[in-house]
There are 2 protein chains.
Amino acid sequence: MLCILEIVARRKDPAVRTQLIERAAQMLRTREPITLRSLVAGTSVSTMAVYTHFGGMDGMWKALRQEGFTRLATRLAQVTPSADPVRDLTALVTAYLGNALDHPDLYRVMFDANFDLEDAQAADDTLEYLVQAAERGRLAGRYRADTNPLELATQSWAIAHGLVSLVATGPLPRPALAHGPLLLTALFTATGDDPDRCRRSVASGWQPRLTG
Amino acid sequence: MLCILEIVARRKDPAVRTQLIERAAQMLRTREPITLRSLVAGTSVSTMAVYTHFGGMDGMWKALRQEGFTRLATRLAQVTPSADPVRDLTALVTAYLGNALDHPDLYRVMFDANFDLEDAQAADDTLEYLVQAAERGRLAGRYRADTNPLELATQSWAIAHGLVSLVATGPLPRPALAHGPLLLTALFTATGDDPDRCRRSVASGWQPRLTG
DNA sequence: GCTATAACATAGCACAGCTATGTTATGTAT
DNA sequence: ATACATAACATAGCTGTGCTATGTTATAGC
């Protein structure tokens with residue numbers, strides 16, 4: 001009997017994979033240039049490990065982007081829903097900004113040149129956190145009944161990404177992030193929330209620490 | 001007599017410089033990989049020309065980014081001020097989006113990894129167009145008297161950059177740009193403009209062609 | 001134990017950006 | 001007009017890049 005798919009010898013060690021991408025993330029943080037040889041230099045593995053585990057440097061970068069989205073998702077998941085969904089959506093945006101500021105180089109890689117479907121899916125998955133909060137806000141009557149949660153989430157995302165990418169990638173100074181609350185309040189108010197109540201919700205969901 | 005500064009022999013030909021960056025922009029458009037040798041291959045100059053004119057490939061990329069900001073400034077300059085400064089600011093944002101969509105690869109390069117002061121200055125110069133429109137809006141009484149034109153311009157920029165970079169770089173589909181009018185209206189209204197009047201101004205400044 | 005399989009190590013390939021060195025063209029001074 | 005000084009230019013070769021071809025070794029199933 002032929003057991004084609006079950007014949008496996010010398011399985012790859014998953015630890016090697018995580019070791020490599022963690023080292024890559026570390027090198028990204030310390031601004032060291034990441035090359036095939038410099039990447040494996042700090043480890044006990046050979047250059048071929050990059051090919052068996054990632055299929056090449058492109059695959060490694062792809063996995064690194066994926067790691068970035070995973071960390072982002074972890075951070076978004078730490079935002080515990082409260083009774084105020086507008087505050088929650090603000091808190092999610094704040095978490096998004098905080099993640100980008102804590103790992104600016106990783107964030108830059110996440111939204112760099114070569115995107116493919118896998119990464120786009122990962123981006124959509126993280127967006128889903130915002131969609132849920134937007135939907136809860138609509139159900140709570142904070143936004144107009146005809147509000148499309150996906151659209152509101154996308155608009156919030158655009159604001160967050162616009163601000164943080166201009167700050168993380170260069171031209172704008174970090175205090176420019178302080179525009180966040182005003183932009184979010186403007187968006188949520190335009191979506192139907194009461195201005196004063198919205199201001200309070202956004203203020204309670206925002207983390208002033210970001211602009212430091 | 002020594003004329004130190006005036007002793008010049010065989011001046012560099014500016015035409016070579018423009019030829020190279022135009023070819024680089026063209027190769028960017030056609031997705032050809034831009035390497036030192038592939039860049040000069042189509043020209044009659046040697047690889048050394050890149051070093052005499054730009055000091056290396058990094059300098060060439062820097063000049064290419066500069067060219068991107070120059071084109072952007074040209075496009076923004078084509079927006080003729082009208083009697084409605086809110087419309088004008090919307091039109092400027094629309095021109096910003098249109099430029100990014102017409103030259104997506106160039107736009108990506110403009111906001112890519114290595115930024116330095118020269119490029120940041122170029123970015124600030126283009127921002128100045130938005131600042132002027134914001135200031136005119138304030139003087140016209142459309143925005144609150146205590147509105148900071150630079151801040152309003154920066155907020156508009158963040159919205160534009162957030163939207164268009166998410167569209168040009170991947171995850172969002174092009175129709176997502178249709179969120180622009182709502183976001184701008186929300187921002188301008190929050191800055192003091194009358195909601196109905198603002199909606200009309202934004203609608204008249206917006207180019208629906210973008211979302212196609 | 002034997003064999004098949006795949007992870008692994010090594011060496012070398014093509015190409016990248018860059019630089020050292022020689023050549024040529026051009027403005028200045030005699 | 002001629003000679004010189006200067007810098008743009010052409011050529012060839014350098015180091016380092018990602019990648020691949022080839023041989024070796026460790027592991028799973030009979």
Take atom [atom1] of [X] and atom [atom2] of [N], then tell me their distance rounded to the nearest Å.
{"X": "L36(B)", "N": "dT19(C)", "atom1": "CG", "atom2": "P", "result": "11 Å"}
{"X": "M57(B)", "N": "dG16(D)", "atom1": "CE", "atom2": "P", "result": "20 Å"}
{"X": "Y51(B)", "N": "dA20(C)", "atom1": "OH", "atom2": "P", "result": "12 Å"}
{"X": "M60(B)", "N": "dA16(C)", "atom1": "CE", "atom2": "C1'", "result": "13 Å"}
{"X": "E32(A)", "N": "dG16(D)", "atom1": "CD", "atom2": "P", "result": "16 Å"}
{"X": "L20(B)", "N": "dG17(C)", "atom1": "CG", "atom2": "P", "result": "13 Å"}
{"X": "D13(A)", "N": "dC8(C)", "atom1": "CG", "atom2": "C1'", "result": "12 Å"}
{"X": "M48(B)", "N": "dG17(C)", "atom1": "CE", "atom2": "P", "result": "14 Å"}

Checklist entry - Are any non-hydrogen side-chain atoms of T126(A) and W157(A) less than 4.5 angstrom apart? => result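 Heavy-atom side-chain distance check fails, nothing below 4.5 Å.
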Is the shortest side-chain N/O distance from [X] to OP1 or OP2 of [N] below 4.0 Å?
{"X": "S46(A)", "N": "dC8(C)", "result": "no"}
{"X": "T52(B)", "N": "dC9(D)", "result": "yes"}
{"X": "H53(A)", "N": "dC8(C)", "result": "yes"}

Checklist entry - Is it the case that R87(A) and S204(A) place a side-chain donor and acceptor less than 3.5 Å from each other? => result no
Checklist entry - With a 3.5 Å cut-off and no angle check, do the side chains of E22(A) and Q26(A) form a donor-acceptor pair? => result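 There is no such pair between these side chains.
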Item to check | Pair R136(B) + D88(B): basic N to acidic O under 4.0 Å | outcome: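 Salt bridge between R136(B) and D88(B), a charged N being under 4.0 Å from a carboxylate O: yes.
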